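Below: the structure, in structure tokens.
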Amino acid sequence: MTATRRHVVVAGAGIAGLTAALALARTGCRVTVLEQAPALQETGAGIQLSPNATRVLLALGLGDRLLPHVLAPQAIRVMAARSGREIVRIPLLDVPRRYGAPYWAIHRGDLQATLVAAAQAAHDVTLRLDSRVEDYAVHAKGVTVAYRHGHRLLEERALALVGADGLWSAVAARSGRQRPPRFARRVAWRALVPAAQVAEEFRAPLVHLWLGPGAHLVHYPVMAGSLVNIVGILRETRERGDPHDARHDGVPPSSELEEGPARHFARRCWCAPARALVERPARWQRWPLYHRRGPFPGGRGPVTLIGDAAHPMLPFLAQGAAMAIEDAAVLADMLHRYGDDPADALRAYEGARRHRVARVQQVSRRNGLVYALAGPAAALRDLHLRRLGGQALLARQDWLYSWQAPDLPRDVPS
Ligand SMILES: Cc1cc2nc3c(=O)[nH]c(=O)nc-3n(C[C@H](O)[C@H](O)[C@H](O)COP(=O)(O)OP(=O)(O)OC[C@H]3O[C@@H](n4cnc5c(N)ncnc54)[C@H](O)[C@@H]3O)c2cc1C
């Protein structure tokens, strides 16, 4: 296959799209990434990257760029919200030896900036901002992608189109094979606070997971320990605002607010240190959570989906970005292996991902239910976790963290 024929368009420059662009460039593709945003801004806050994801990032040669920004947590402390006592401590120090790749916490902006810098440094990757993919047409020679750049409607011809355009994917909508995501009756509240403003025990390189009735709280240091990332997840039966508007904008209806979720962390259910923490941030981002049941159905011809566009993921297993990163590696490998036949390559990619992604979605949903238990059920859960112990709880993730990335070529073939 000639270099000109191996042109792939990726819609979206999130974690999925940028990782895919880097992986595809490794396998000799020329990649155009079309991103609707006029500028790439820091969205979200902290993100945990488990070894199945860091393995891919390291294989893409991003280790040196990422290392200054990451923090390797020593353990996950699972805490009882009311008593403030540790239920169990899942050790992470041994993760690099056990899984062959590290467990990292990073600010999402740092991860995205690293991916963007690597994409800009790669000869075969072109990143076009302010370029919103609106439509595509499949034909004998591949696919023509229509995108809006300012007032102009432009076209890009390619061998394949990869929809990495997130939860409200235009590529998925255009393919007509995906049901729209549904509000998961949960809202994530996200904030960052200077580490100096939180209790000393919360500045340590640990992930804290507090389990309370109907809510849980996660926090860990990011930006080399200078900030603490806080996420509180609460039940909310009805979505505020009009999600249909959000779909037209192509972004989930997240909003930045001064009034945070502190009033939901009641004294009778939450101990003083946890309440002090949620009272600390001056600004919060409110992030409604969406999911879609059932495996992603796959594309048609030279078009496929990756990341949240393919399989929105509830954040109770910290795997949405990890799955996007895995997708990117498998996709690039399949396009490399199947040479001249992109449709076959994309169906092979979808087949390779379907079962694993469905399992992760299922475990994540189950975690969401278990985390939010109340009363005697919560007490039984805590007893069970304590009896199992941290090592056994880590071993339960072996199927997830031991995932082996396909070998991508080290150098771009000429
Ligand atoms: C509270 C919370 C905590 C989380 N924590 C973790 C964690 O610890 N670990 C983890 O692995 N995951 C975590 N996740 C999940 C993770 O953030 C997402 O799964 C991941 O960011 C999805 O990346 P993506 O690139 O698929 O989508 P997105 O990040 O949504 O990127 C899509 C991109 O496409 C662009 N776009 C949209 N429409 C178009 C269009 N028509 N044309 C061109 N561009 C378009 C968008 O502007 C955006 O840049 C968490 C999620 C939440 C909500």
Side-chain angles (χ1 to χ4, degrees), residues 9-21 32-41 43-50 52-54 57 73 103-108 111-112 115-116 127-136 145-149 161-174 181 184 186-191 207 209 216-218 220 222 229-234 246-252 254 285-291 305-328 357 360-361 364 400:
V9 168
V10 175
I15 294 167
L18 290 167
T19 312
T32 303
V33 183
L34 301 174
E35 165 58 48
Q36 66 175 2
L40 288 172
Q41 287 160 350
T43 50
I47 200 163
Q48 298 174 66
L49 291 173
S50 50
N52 47 315
T54 57
L57 299 174
Y103 194 111
W104 284 338
I106 187 168
H107 189 286
R108 215 188 110 105
L111 175 59
Q112 194 174 34
L115 293 170
V116 169
L127 174 58
R128 287 205 194 123
L129 298 178
D130 195 11
S131 299
R132 176 172 168 71
V133 171
E134 298 202 330
D135 203 358
Y136 64 81
V145 181
Y147 66 100
R148 190 164 294 281
H149 180 71
L161 167 64
V162 178
D165 47 348
L167 192 61
W168 307 105
S169 165
V171 177
R174 166 68 182 77
R186 300 258 197 336
V187 169
W189 290 85
R190 310 171 97 175
V207 176
L209 165 63
H216 76 270
L217 184 65
V218 180
Y220 48 86
V222 289
N229 174 61
I230 306 173
V231 185
I233 301 205
L234 296 159
R247 270 173 231 176
H248 287 301
D249 293 345
V251 289
S254 71
Q285 241 184 346
R286 185 181 168 279
W287 204 278
L289 300 179
Y290 290 82
H291 62 161
L305 303 169
I306 63 170
D308 277 8
H311 41 68
M313 189 88 40
L314 291 172
F316 308 127
L317 195 59
Q319 283 295 315
M323 288 301 113
I325 291 167
E326 287 188 10
D327 286 350
V357 161
V360 173
Q361 283 176 314
S364 186
L400 183 57

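Counting starts at 1 for both ligands and their atoms, following the listed order. This is a predicted model, so every value here is computed, not measured.
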For the pair [X] (side chain) and [Y] (backbone), establish whether a donor and an acceptor sit closer than 3.5 Å, ignoring hydrogens and angles.
{"X": "Ser364", "Y": "Phe316", "value": "yes"}
{"X": "Asp135", "Y": "Ala146", "value": "no"}
{"X": "Asp327", "Y": "Gly307", "value": "yes"}
{"X": "Glu35", "Y": "Ala13", "value": "yes"}

Enumerated ligand 1 atoms positioned under 4.0 Å from heavy atoms of [X]:
{"X": "Gly307", "result": "26 (O)"}
{"X": "Ala188", "result": "1 (C)"}
{"X": "Ala321", "result": "10 (C), 11 (O), 12 (N), 15 (C), 16 (C), 18 (C), 19 (O)"}
{"X": "Gln48", "result": "7 (C), 8 (O), 9 (N), 10 (C), 11 (O)"}
{"X": "Ala164", "result": "32 (C), 33 (C), 34 (O)"}
{"X": "Trp287", "result": "53 (C)"}
{"X": "Ala170", "result": "41 (N)"}
{"X": "Gly166", "result": "27 (O), 30 (O), 32 (C)"}

For ligand 1, find out whether one of its N or O atoms is nearer than 3.5 Å to an N or O atom of [X].
{"X": "Ala16", "value": "yes"}
{"X": "Leu167", "value": "no"}
{"X": "Gly320", "value": "yes"}
{"X": "Leu40", "value": "no"}
{"X": "Ile233", "value": "no"}
{"X": "Ala309", "value": "no"}
{"X": "Tyr220", "value": "no"}
{"X": "Arg132", "value": "yes"}

[X] [atom1] to [Y] [atom2] distance, which is reported to the nearest 0.5 Å:
{"X": "Ile106", "Y": "Leu57", "atom1": "CD1", "atom2": "CG", "answer": "8.5 Å"}
{"X": "Gln36", "Y": "Asp130", "atom1": "CD", "atom2": "CG", "answer": "9.5 Å"}
{"X": "Leu161", "Y": "Arg174", "atom1": "CG", "atom2": "CZ", "answer": "10.0 Å"}
{"X": "Gln112", "Y": "Ile47", "atom1": "CD", "atom2": "CD1", "answer": "10.0 Å"}
{"X": "Ile325", "Y": "Leu115", "atom1": "CD1", "atom2": "CG", "answer": "7.0 Å"}
{"X": "Arg286", "Y": "Leu234", "atom1": "CZ", "atom2": "CG", "answer": "10.0 Å"}

Yes or no: does [X] have any heavy atom under 4.0 Å from an atom of ligand 1?
{"X": "Met313", "value": "no"}
{"X": "Glu134", "value": "no"}
{"X": "Ala105", "value": "no"}
{"X": "Leu289", "value": "yes"}
{"X": "Ala37", "value": "no"}

- Query: Is Leu400 close to Ser50 at the side-chain level, that is, under 4.5 Å between some pair of heavy atoms?
  - Reply: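 Not touching, per the 4.5 Å side-chain cut-off.
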- Query: Can you find a pair of side-chain heavy atoms, one from Gln48 and one from Val218, that are under 4.5 Å apart?
  - Reply: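 Yes; the side chains approach each other to less than 4.5 Å.
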- Item | Closest non-hydrogen atom pair, Leu167 against Pro181 | O-CG, 3.5 Å
- Query: At their closest point, which heavy atom of Tyr103 faces which heavy atom of Pro73, and how far apart are they?
  - Reply: O-CD, 3.4 Å
- Task: Just go through Val231, Val207, Asp165, Leu34 and tell me whose heavy atom is the nearest to atom 43 (C) of ligand 1.
- Result: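 It is Leu34 whose heavy atom sits nearest to atom 43 (C) of ligand 1.
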- Note on the structure: Closest to atom 47 (O) of ligand 1 (heavy atoms only, candidates Arg148, Glu35, Arg190) is Glu35
- Residue pair Asn52 / Gln319, side-chain donor-acceptor N/O under 3.5 Å: yes
- Have a look at ligand 1 and work out which part of Ala53, if any, has a heavy atom under 4.0 Å from it: side chain, backbone, both or neither.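 Under 4.0 Å from ligand 1, Ala53 contributes no heavy atoms.
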- Proximity to ligand 1 by part of Pro315, non-hydrogen separation under 4.0 Å: side chain
